[in-house]
Amino acid sequence: MHRQTLPIDQLGAWARLNNVEFNGVKIMASQGDKGSGLVTTAERSIDNPLLMTIPNDLVLSLENVWVYAKSDKHLRQVLEATGDYSRTARGAILIFLLLQVTNGATGGSIGVSNPFSEYVKFLPLRVPLPTTWNESERAIVTGTSLEAALSAKLNGLDRELNLLKEKTSSIDWCQKCWWDAASGTLTLDDWKTVDAMYRSRALDLPGTGHSMVPCIDMANHASGGSTSALYETDGDGNAILVLREGKDLAPNDEVTITYGDEKGACEMLFSYGFIESTVKSARELFLDLSIPDDDPLKLAKKAVAQSAPGFRLFLRGDSTDWESSFVWLLCVNEEDGLEIKLLQKNDGERELQASWKDKEITDMSNLVKLLKLEPLWDVFALRAIITCQNRVEQQLFRLEGSKNSVDELLIIGEVDNDIRANAMQLRHLEEILLLHAYGDFETKKSQILDSPVVQQYLGATMASNPGVSEDDFS
Ligand SMILES: C[S@@+](CC[C@H](N)C(=O)[O-])C[C@H]1O[C@@H](n2cnc3c(N)ncnc32)[C@H](O)[C@@H]1O
């Protein structure tokens, strides 16, 4: 779909028209590779911390999308057709943004023009999130945790667009403008664009939740002590940007917020398209795990697992640690005490019920608590460590094994320079974290292997299965 644009220096006029108040700040066209940003026009200090006020009705939240829908038939039709999807903040806001882009592309004939129909024209034409990267750019993150996250996200976006098509094809104007082979112009790239707009600009606004706040979303990110401002909600429900305590800004200083200092390098690149060059650690990453085909409870375990299949590896102080409720499900079976049964409910429905030695498990995060009470706890803990360590090793092989093809792509592929720098930084940071984790798992493994419970268990297992060694333990 053709996206109309407006020069960013006209955003000041848009802001005045829509009662956005700037106090000693303005939007600056270019902040180097960061796109537009916010800068001060005068000295700012904590004596007068208010930098910007955005009226409540300009905050794009789930609630406000439905308020706009009351006076916009086209928006309402799509929201209603998509059911539960548009009852979530992300779903409703994505549809709203798509309607604004459609409004611009159809010269205003679809939807009712509102402040956002103009505002989206100030947003960058290209948001460099990995979902918008080309094939070569995607291939250079092979072996990082972004590889799986990106592939899942791309599949998810494709599914969402197909669902949107299925639900709205019967609406005449949707069929004509979006889906019709001759006149429809909506593509997967458009859907990726609205998703990227939302993901890279959404804030968790206190009292409102996930929302997009025009003008505050022009603030770039800086972490730690470099963050200069915070967003909040004032007593009247307006969104405000205020100076951080202890910060004094001189004229022309950039005003920054944090997009989440706790986020790992992969999540930063995934959601915002960059990693700060000063970042020295990947901080955390997620590795997926699959249940082996020879596990007799494979399908049942998949059905009762309440979390993503994998584990989160993260830095805690100087060491690495991991967390997952899925891993524990992977490490025990019927012979240990896990049971998963199909129950017939009173209403005729059937459901799977998991239990550990006759204790029902409704919340899978409780499985580890029950395992910790078992005499064989050290054995289960060792299985979990070996499972995670093997997966870390596999990831290191994939990262290492892709180095030559990545080097080649950097020479012959079409790779944007910023994307190259970010992707290579991610590869480097994740390799360090994985190596660190591998070493920490090794230490934990040798400690736990000394436990009398494990020694006794291994002795008994090897005696009854002469072909089995300690290495086969997982
Ligand atoms: C909320 S928007 C900020 C405004 C944006 N610069 C614009 O031109 O509209 C977030 C996007 O700005 C860019 N960005 C923000 N902070 C950055 C930083 N510290 N380094 C590089 N890019 C940054 C990224 O493209 C990110 O996805």
Side-chain angles (χ1 to χ4, degrees), residues 3-12 14-15 20 22 25-39 51-52 54 58-60 90 93 97 100-101 116 118-133 137 146 150 153 192-205 210-231 239 241 253-280 283 416-426 429:
R3 251 186 82 201
Q4 291 188 331
T5 52
L6 284 171
I8 197 82
D9 52 17
Q10 290 180 18
L11 185 55
W14 178 93
V20 173
F22 286 157
V25 293
K26 66 171 184 185
I27 285 146
M28 175 92 169
S30 172
Q31 291 292 312
D33 60 358
K34 300 189 251 176
S36 309
L38 277 183
V39 291
L51 301 171
M52 212 192 270
I54 288 82
L58 272 191
V59 173
L60 191 57
R90 177 176 176 275
I93 295 174
L97 292 172
Q100 307 321 304
V101 175
F116 281 94
E118 288 293 286
Y119 189 73
V120 293
K121 298 178 188 164
F122 294 111
L123 305 188
L125 263 187
R126 181 153 189 263
V127 189
L129 301 203
T131 40
T132 67
W133 293 357
E137 290 165 341
L146 181 58
L150 182 53
K153 181 73 187 175
K192 284 182 188 175
T193 301
V194 287
D195 167 72
M197 266 182 197
Y198 173 68
R199 253 178 326 125
S200 65
R201 312 186 86 84
L203 306 172
D204 192 1
L205 191 65
H210 292 282
S211 42
M212 268 173 75
V213 186
C215 298
I216 289 187
D217 72 358
M218 286 292 163
N220 288 320
H221 163 86
S223 58
S226 305
T227 312
S228 55
L230 308 167
Y231 46 86
L241 186 70
D253 275 353
E254 184 172 10
V255 180
T256 52
I257 57 173
T258 172
Y259 296 174
D261 282 15
E262 72 295 341
K263 291 191 171 104
C266 176
E267 192 180 350
M268 282 304 288
L269 190 50
F270 179 82
S271 298
Y272 304 103
F274 71 92
I275 303 169
E276 279 176 297
S277 53
T278 49
V279 165
K280 295 284 173 278
R283 199 183 291 266
D416 171 272
N417 281 341
D418 287 338
I419 292 175
R420 171 199 175 115
N422 282 304
M424 295 312 279
Q425 192 183 354
L426 183 69
L429 295 176

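Only a predicted model underlies this, so the values are computations on that prediction, with no experimental measurement involved. One-based numbering, in listed order, for ligands and for the atoms of each. In what follows, residues are counted from 1 in the order of the sequence shown.
Scanning the protein for heavy atoms near atom 13 (C) of ligand 1, the closest one is K34 O, 3.5 Å. Of the protein's heavy atoms, F274 CD2, 3.5 Å lies nearest to atom 22 (N) of ligand 1. The protein heavy atom nearest to atom 12 (O) of ligand 1 is N220 OD1, 3.5 Å. Ranking protein heavy atoms by distance to atom 25 (O) of ligand 1, first place goes to Y272 O, 3.6 Å. For atom 1 (C) of ligand 1, the closest non-hydrogen atom of the protein is D217 O, 3.0 Å. Ranking protein heavy atoms by distance to atom 16 (N) of ligand 1, first place goes to H221 N, 2.9 Å. For atom 11 (C) of ligand 1, the nearest protein heavy atom (residue, atom name, distance) is Y259 OH, 4.2 Å.
If you look at A219 next to ligand 1, the close heavy atoms, those under 4.0 Å, all belong to the backbone.
Among G35, S36, S200, the residue whose heavy atom lies closest to atom 5 (C) of ligand 1 is S36.
The ligand atoms of ligand 1 that sit less than 4.0 angstrom from a heavy atom of P124 are 7 (C), 8 (O), 9 (O).
A perpendicular orientation is assigned to the rings of Y259 and F274, their planes being inclined by more than 60° (bins at 30° and 60°). A perpendicular orientation is assigned to the rings of W14 and F122, their planes being inclined by more than 60° (bins at 30° and 60°).
Without hydrogens or angle criteria, T227 side chain to G224 main chain gives a donor-acceptor distance under 3.5 Å. Between the side chain of R199 and the backbone N or O of F270 there is at least one donor-acceptor pair closer than 3.5 Å. For the pair T131 (side chain) and A196 (backbone), a donor-acceptor distance under 3.5 Å is absent.
Within 6.0 Å of NZ in K153 there are more than 12 heavy atoms belonging to other residues, nucleotides or ligands.
What you find for L38 and A219 is that their closest heavy atoms are CD1-CB, 3.9 Å.
The line from CG of L97 to OG1 of T193 is 11.0 Å long, rounded to the nearest 0.5 Å.
Residue contacts with ligand 1: R201 is placed with a nitrogen or oxygen under 3.5 Å of a nitrogen or oxygen of the ligand (distance criterion only).
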